[in-house]
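In what follows, a single structure is set out as structure tokens and then discussed.
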Amino acid sequence: MAQLQRLAITPSQLHNQQILLSAEQQHYLGRVLRLRGGDRFVAMEPQGQWWLAELISLQEAQILELMPAAQTELPVEVTLMVALPKGNGFDEIVRHCTEIGVSYMMPVLSERTLLNPSSQKLERWRRIAQEAAEQSERQIIPAIQEVNEFTTGLSFVKSSFLKETDRQYICVARGESPHLLDCLLAEKPQISNLKSKIVIATGPEGGWTPAEVEAAIAAGFQPVSLGRRILRAVTAPVVALSLLAAAWELKN
């Protein structure tokens, strides 16, 4: 069954054990993959439900059976708060971090953010996350919030991450902050079995301003380092999430 194509669908597409395919999905299945009536694929619902489905036509498919979803999710819920980089850099961040295992992404505007994203960007980012989730056999499709100011993001985190075992980190490029990996490994025994949430904030080109770091600390964030080198704004989120995935998927 592993060779079957995976296709993300929405709950609104399900009707009496049938899947009504969108025009984009019809093009992808019919023109790109060259599937025809009778061919099968795996339908993925955003919250982790999988079904074996069979094409009736390019407009609809029939659900054949419930499938056990592959256990591909990280054992901890991870939110990335990312100060938007310039250009299309956030496209790359969404794609790679979806593959690694992020749960939620919060694009924010910081004082040094150079990008003023258009209203179409959010739709594009969500489509990239969907494609990356299909490719990497994720159980869920990461949620991407609308772009907000950094201070709004801090307020959201402060109100949403309420458990004592939740952790918030802000990555800073200079100073004497402890390494993120050391912090994660130290905290893991205390919170790994408690369904805790972790949020990691990474900055824009030029980094966070001192005032932004202070605001994050006041909101409960701990400053951490990603190493001795200065990373690009598109590299830092990938490195941070990779460290977390490695720390949490270690057997001991």
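Model, not experiment: these values are computed from the prediction.
The minimum heavy-atom distance linking Trp50 with Leu66 is given by the pair O-CD1, 3.4 Å. In plain terms, the two heavy atoms of Lys158 and Ala218 that are nearest each other are NZ-O, 4.0 Å. In this structure, Leu55 and Leu58 approach most closely via the heavy-atom pair CD1-CD2, 4.4 Å. The nearest pair of heavy atoms linking Gly101 to Leu74 is O-CD1, 3.6 Å.
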> Where do Trp125 and Met105 land on the side chain to side chain contact (heavy atoms under 4.5 Å, CB included) test, with the steps shown first?
Replying inline: CA-CA 10 Å; Trp125 295 332; Met105 299 197 74; over 6 Å; no
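Summarising the local packing, CD of Glu123 is surrounded by 12 or fewer heavy atoms from other residues, nucleotides or ligands at distances under 6.0 Å.
Using modelled atom types, no side-chain atom of Glu111 and backbone atom of Thr209 make a donor-acceptor pair closer than 3.5 Å. Glu73 places a side-chain N or O within 3.5 Å of a backbone atom of Gln139 that can act as its donor or acceptor partner. Looking only at distances, a side-chain donor or acceptor of Glu134 sits under 3.5 Å from a matching main-chain atom of Ala8.
For Thr151 and Glu149, the side-chain atoms include no donor-acceptor pair closer than 3.5 Å. Side chains of Ser155 and Thr152: a donor-acceptor N/O pair is absent below 3.5 angstrom, by distance only.
Atoms OG1 and CG, on Thr235 and Leu226 in that order, are 10.5 Å from each other to the nearest 0.5 Å.
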